[in-house]
Each structure stands twice: as C-alpha cells, then as structure tokens.
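Please read the structure below before turning to the comments.
All figures in this text were calculated on a predicted structure; none of them were measured in a lab. Start at 1 and go down the list; that is how both ligands and their atoms are numbered.
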Amino acid sequence: MNISIFGAGYVGLVTGACFAELGHEVVLRDVLEDRIAVLDEGRMPIFEPGLEELVERNRKRMSFTLDVAEAIEGAEFLFIAVGTPPTYSGDADLSAVWTVIDELPRDLDVERPIVVMKSTVPVGTGASVRAALDARGLASVGYVSNPEFLAEGTAIAGFMRPDRIVVGAFEETDGDRVASLYAGLDAPIVRTSVPSAEMVKLASNAFLTTRVSFINEIANVCELVGADVTDVATGVGLDHRLGPHFLRAGLGWGGSCFGKDVSALKQLAGNSGYHFQLLSAVIEVNELQKRRVVAKLQRRLGSLRGKKVALLGLAFKPGTDDMREAPSLVLAGRLLAEGADVTAWDPVADGRVLLHGVEIAGSALDALAGADAAVLVTEWPELRELDWSQAASRMRNRLVVDGRNMLDAAELRKLGFQYEGIGRQVE
Ligand code: UDX
Ligand code: UDX
C-alpha cells in the first residue's frame with residue numbers, strides 16, 4: 001500500500017519505518033528543512049534504538065519530502081503524526097493537525113484516500129475533521145482514528161509486537177483497510193467508533209500515570225511508616241487483577257505524552273462539564289514528587305546554598321535523548337533556586353539547551369567530582385555499572401539520593417555512602 005505520513009517526528013518516523021518493514025511504500029513529509037535533509041542523508045534526527053538500521057534496511061521503500069503535493073500523490077493512506085502540544089489552558093494545540101487538513105487539495109488522484117489520525121487528539125476531533133472534510137467537498141476522503149501507544153526506547157518492538165491495535169472508523173470499510181495495513185502482526189485489533197478510539201488513547205495514558213502517582217504516594221507513606229515500596233510493589237503486582245507494570249516508585253513521570261495527554265483529558269472533561277477530580281490529584285502528586293528530592297537533600301545537607309549537587313541522567317527515561325517534561329528540568333530549577341551548584345551528566349541527552357546555569361559534565365565521574373550529593377534521576381544501566389568506589393573518592397560528601405531505586409543500597413553503604421531511595425528505609 002502507499003502510505004504518506006505527515007510529521008517525521010518520533011512517532012511518524014517509527015511508524016513509517018515499521019510500515020516499510022511490513023512491505024508498504026512510505027513517504028514522510030515534514031515542515032522542517034533540516035529534518036528532511038538529515039533523513040535524506042540516512043541519519044536520524046532523533047535517538048531511538050534500532051531506528052537507523054530499520055530505515056537503512058527499508059530505504060528503497062521510504063522517501064522524505066517537504067512538499068505536500070509530492071507526499072499526497074498516489075497516497076491511499078494519509079497518516080497524521082504531527083505534534084499536538086498543550087496550550088496554556090491545558091487543551092491540546094491542534095493547529096498542526098488543521099494545517100495538514102487544510103493543505104489537502106480538492107482533487108485527489110486516489111479514489112478513496114483515508115486520513116488516519118495517529119497524533120493524540122481530544123475526543124471529538126475526528127468528528128470535527130470529518131465535518132471539515134465534508135464542507136470542503138472532500139466527502140470521498142475516509143477518516144479513521146488509529147492511536148499509537150509507542151513508548152520511547154522500545155518503540156519499534158512496540159509497533160511490531162503491540163498489545164493491541166485500535167481502529168475507530170466512521171465507515172466500516174475504511175476501518176477494514178486501515179486494519180489490513182497491520183496484516184502479519186500478531187495482535188488483537190479493537191474496532192470501535194471514532195470517539196471511543198480517541199478515548200482509548202487518553203484513558204490508557206491517564207491510567208498509566210495514575211498507577212505511577214499511586215505508587216509514588218504509597219512510597220511517600222512507606223517512608224513515614226518504615227515499609228519498603230519496592231517490596232510492596234512486588235507484593236501488590238503479583239495480584240493478577242493488578243499486575244506488575246507501572247508500579248516503580250520514583251521522582252515522577254515525564255515525557256512528551258503523559259503530561260500533555262493527562263492535562264488534555266482533564267481539560268476535555270472540564271470543557272464537557274465534568275470535573276475529573278482523580279486526574280487533578282494524579283497531576284499534583286507528580287508535580288510534588290519531582291520536588292521531594294530537594295527536601296531529602298536539605299535534611300542531609302542543611303541549606304543547599306553553595307553545595308554541589310550532581311544530577312545523573314537527564315532524559316525523562318533511559319533509552320532516549322528526550323528531555324521533554326523530564327523530572328530533571330524541574331529538579332535542576334529547584335536546586336538552582338536554592339542556591340546549589342548543579343552539575344549533570346547523561347549518556348545521550350544534551351542538557352545544554354534546556355538547562356541554563358547547569359554545568360554539563362563529560363562523564364558521570366566528572367559530574368561527581370567535588371559533589372556534596374549525587375541524585376540518580378534517570379535509571380540508565382551505565383549508572384548501575386558505575387565504579388561507585390571511584391565516585392566515593394571523588395565526591396566531597398558521600399550522599400546518594402537514588403530517585404529510581406536502582407542502585408544496591410547495601411553496596412553503597414559499604415562504600416561509606418549515605419543512601420536514600422524513594423519509599424525505602426533510611427539509615
Ligand atoms: C506526536 C504528537 O505529539 C503526539 O501527540 C502523537 O501521539 C504522535 O505525534 P512526536 O512524534 O513525539 O509525537 O512529536 P514531534 O517529535 O513533535 O514530531 C512532530 C513532527 O511534526 C515534527 O517533526 C514537526 O516538524 C512536524 N510538523 C509539525 C509538521 O510536519 N507539520 C506541522 O504543521 C507541524
Ligand atoms: C508513554 C506510554 O507508555 C505510551 O503508550 C504512549 O504512547 C506515550 O507515553 P513514554 O512516554 O515513551 O510512553 O514512556 P513510559 O515508558 O510510559 O514512561 C513514562 C514516564 O513514566 C517516565 O518518566 C518513567 O520514568 C515514568 N515511570 C514509568 C515511572 O516513574 N514508573 C513506572 O513504573 C513506569
């Protein structure tokens with residue numbers, strides 16, 4: 001099949017490369033000249049494990065363009081994967097989606113092309129786009145909602161071995177055609193109405209964030225009552241009704257999707273006349289969670305003015321260079337506001353653009369040199385493997401706050417560190 005994808009961001013690129021792997025012809029269109037130039041040279045504008053190799057392998061079925069007409073020519077499926085960032089009000093900004101719709105020419109050369117929405121949009125967007133297409137004389141263009149559930153760092157496996165594929169269509173036959181694009185993948189296909197498909201995406205992300213905020217609150221109580229949240233999560237997660245996933249306590253969830261999607265769902269509910277109380281709490285818990293580390297440091301070090309704090313890991317999670325909504329951003333801001341000197345290191349994320357006033361080190365050990373405290377922010381495997389005895393000899397004060405409960409507390413204590421995790425016993 002001939003597939004065009006609007007938006008060569010993380011979602012568009014992974015989707016395009018995977019569809020090419022499944023044998024489809026894919027054209028990716030983006031508005032950023034640099035992005036298209038980089039892709040034409042065979043390089044990737046984003047870091048995603050395995051993506052470059054996948055694009056390379058399917059190069060003959062993939063092309064990249066800035067030109068709308070070139071993207072649309074012969075396309076049977078017009079996927080929309082442009083960004084839908086939050087506005088100040090918390091609603092999703094759909095201007096990039098509408099630009100794509102407005103750019104569609106009236107005379108398309110394919111009999112019934114289908115617009116397929118991959119970007120996460122508020123419930124009701126499909127109906128608005130349908131009405132806009134009809135009003136522009138494009139009633140013969142189909143519309144299908146086909147949300148993505150890709151998690152960064154494991155996005156290719158997420159596409160090729162999905163838990164489910166959700167297809168919401170106004171016309172059954174349009175839904176059949178979109179479902180057929182995934183032929184060969186072993187996954188249940190959930191066929192729904194367009195609004196239900198839109199809601200599946202928002203509800204899934206809202207539920208995942210609720211689980212994380214829930215376990216973070218349990219962790220905070222564990223600290224007060226002498227329990228260990230990692231053991232609690234194991235015990236809770238073995239209940240088949242609850243399951244083990246998204247029960248890792250830490251210093252809060254981040255990423256490009258969670259914050260904006262949860263806030264978009266809360267806003268959508270509010271705009272529709274319903275106050276979504278639970279989500280308000282989920283968001284607030286997360287905001288506070290990112291800041292709790294500062295209090296932990298103050299309890300150990302007193303005032304942070306002039307104290308050197310090393311942030312280990314900047315990306316919102318390991319396996320990506322993405323720092324959008326990363327807890328590291330809030331943490332660095334709070335520490336600087338308290339007068340601390342902040343150094344940071346990440347194996348791939350480049351903190352220089354977003355972290356003003358933070359010294360970026362070339363290695364974890366360099367970041368730790370002369371530090372009064374280390375905060376593990378992102379659970380990169382490199383940090384578990386770090387030579388912590390070397391770290392101990394370089395630091396001015398041996399204090400580790402493990403924001404992801406990843407390190408071996410006993411081992412670190414043996415090396416003379418004060419160790420504090422999230423929701424765990426403090427010595
Ligand atoms: C995006 C959405 O943010 C998310 O809600 C959705 O689920 C999937 O698509 P992501 O791929 O991470 O996620 O976004 P981003 O990396 O911002 O990529 C969007 C791309 O669209 C960028 O390359 C941007 O240049 C491009 N774009 C944006 C267009 O091609 N046209 C526009 O009008 C605006
Ligand atoms: C998420 C969803 O998983 C995906 O389905 C959706 O399409 C986009 O948003 P992603 O943002 O890539 O994917 O990362 P994810 O692995 O879900 O982690 C999100 C955040 O939650 C990270 O900051 C992570 O550190 C945090 N998290 C996750 C926890 O704090 N504890 C957990 O148990 C799980």
Inset, instruction - Please confirm whether R177 makes a cation-pi placement over F77, using NZ or CZ under 6.0 Å from the six-membered ring centre and within 45° of the ring normal. - result: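 Yes - R177 lies over the ring of F77, closer than 6.0 Å to its centre and within 45° of its axis.
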Inset, instruction - Kindly confirm or rule out a cation-pi arrangement of R29 over F64, judged by NZ or CZ under 6.0 Å from the six-membered ring centre and within 45° of its axis? - result: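 Because its charged atom misses either the 6.0 Å distance or the 45° angle limit, R29 does not stack over F64.
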Legend entry - Rounded distance (nearest 0.5 Å) linking atom CG of L386 with atom CG of L368: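 Atom-to-atom, L386:CG and L368:CG are 6.5 Å apart.
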Inset, instruction - Any chance you could measure L412, atom CG, to L407, atom CG, to the nearest 0.5 Å? - result: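 Between L412 CG and L407 CG, I get 5.5 Å after rounding to 0.5 Å.
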Carboxylate-amine/guanidinium contact [X] [Y], below 4.0 Å:
X    : Y    : result
E379 : R248 : yes
E53  : R57  : no
K201 : E198 : no

Legend entry - Atoms of ligand 2, numbered as shown, that sit under 4.0 Å from any heavy atom of L247: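 Contacts of ligand 2 toward L247, numbered from 1: 33 (O).
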Inset, instruction - Mark up the atoms of ligand 2 that fall under 4.0 Å of a heavy atom belonging to R404, in ascending order. - result: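 Those atoms are 25 (O), 30 (O).
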Legend entry - Proximity flag G250 to ligand 2, non-hydrogen atoms under 4.0 Å: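 No, that is not the case, since the closest heavy atom of the residue is not under 4.0 Å from the ligand.
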Could you give the side-chain donor-acceptor pairs of residues 185-193 under 3.5 Å, partners two or more places apart or in another chain?
{"unit_1": "R191", "atom_1": "NH1", "unit_2": "D176", "atom_2": "OD1", "d": "2.9"}
{"unit_1": "R191", "atom_1": "NH2", "unit_2": "E172", "atom_2": "O", "d": "3.0"}
{"unit_1": "R191", "atom_1": "NH2", "unit_2": "D176", "atom_2": "OD1", "d": "3.2"}
{"unit_1": "T192", "atom_1": "OG1", "unit_2": "A197", "atom_2": "N", "d": "3.3"}
{"unit_1": "S193", "atom_1": "OG", "unit_2": "S196", "atom_2": "N", "d": "3.2"}
{"unit_1": "S193", "atom_1": "OG", "unit_2": "S196", "atom_2": "OG", "d": "3.0"}

Inset, instruction - Quick one: sort the F170 and Y143 rings into parallel, tilted or perpendicular, breaks at 30° and 60°. - result: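 F170 and Y143: tilted rings.
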May I have the N/O to N/O pairs between ligand 1 and the protein that fall below 3.5 Å, each with atom names and distance to one decimal?
{"unit_1": "ligand 1", "atom_1": "3 (O)", "unit_2": "T84", "atom_2": "N", "d": "3.4"}
{"unit_1": "ligand 1", "atom_1": "5 (O)", "unit_2": "T84", "atom_2": "OG1", "d": "2.8"}
{"unit_1": "ligand 1", "atom_1": "5 (O)", "unit_2": "T120", "atom_2": "N", "d": "3.4"}
{"unit_1": "ligand 1", "atom_1": "5 (O)", "unit_2": "K260", "atom_2": "NZ", "d": "2.6"}
{"unit_1": "ligand 1", "atom_1": "7 (O)", "unit_2": "T120", "atom_2": "N", "d": "3.2"}
{"unit_1": "ligand 1", "atom_1": "7 (O)", "unit_2": "T120", "atom_2": "OG1", "d": "2.8"}
{"unit_1": "ligand 1", "atom_1": "7 (O)", "unit_2": "E148", "atom_2": "OE2", "d": "2.6"}
{"unit_1": "ligand 1", "atom_1": "9 (O)", "unit_2": "A81", "atom_2": "O", "d": "3.4"}
{"unit_1": "ligand 1", "atom_1": "11 (O)", "unit_2": "Y10", "atom_2": "N", "d": "3.1"}
{"unit_1": "ligand 1", "atom_1": "11 (O)", "unit_2": "V11", "atom_2": "N", "d": "2.9"}
{"unit_1": "ligand 1", "atom_1": "12 (O)", "unit_2": "R324", "atom_2": "NH2", "d": "3.2"}
{"unit_1": "ligand 1", "atom_1": "23 (O)", "unit_2": "D30", "atom_2": "OD1", "d": "3.4"}
{"unit_1": "ligand 1", "atom_1": "23 (O)", "unit_2": "D30", "atom_2": "OD2", "d": "2.5"}
{"unit_1": "ligand 1", "atom_1": "23 (O)", "unit_2": "R35", "atom_2": "NH1", "d": "3.0"}
{"unit_1": "ligand 1", "atom_1": "25 (O)", "unit_2": "D30", "atom_2": "OD1", "d": "2.6"}
{"unit_1": "ligand 1", "atom_1": "25 (O)", "unit_2": "D30", "atom_2": "OD2", "d": "3.4"}
{"unit_1": "ligand 1", "atom_1": "30 (O)", "unit_2": "V31", "atom_2": "N", "d": "3.4"}

Any nitrogen or oxygen of [X], main chain or side chain, under 3.5 Å from a nitrogen or oxygen of ligand 2?
X    : value
V212 : no
A151 : no
K317 : yes
R248 : yes

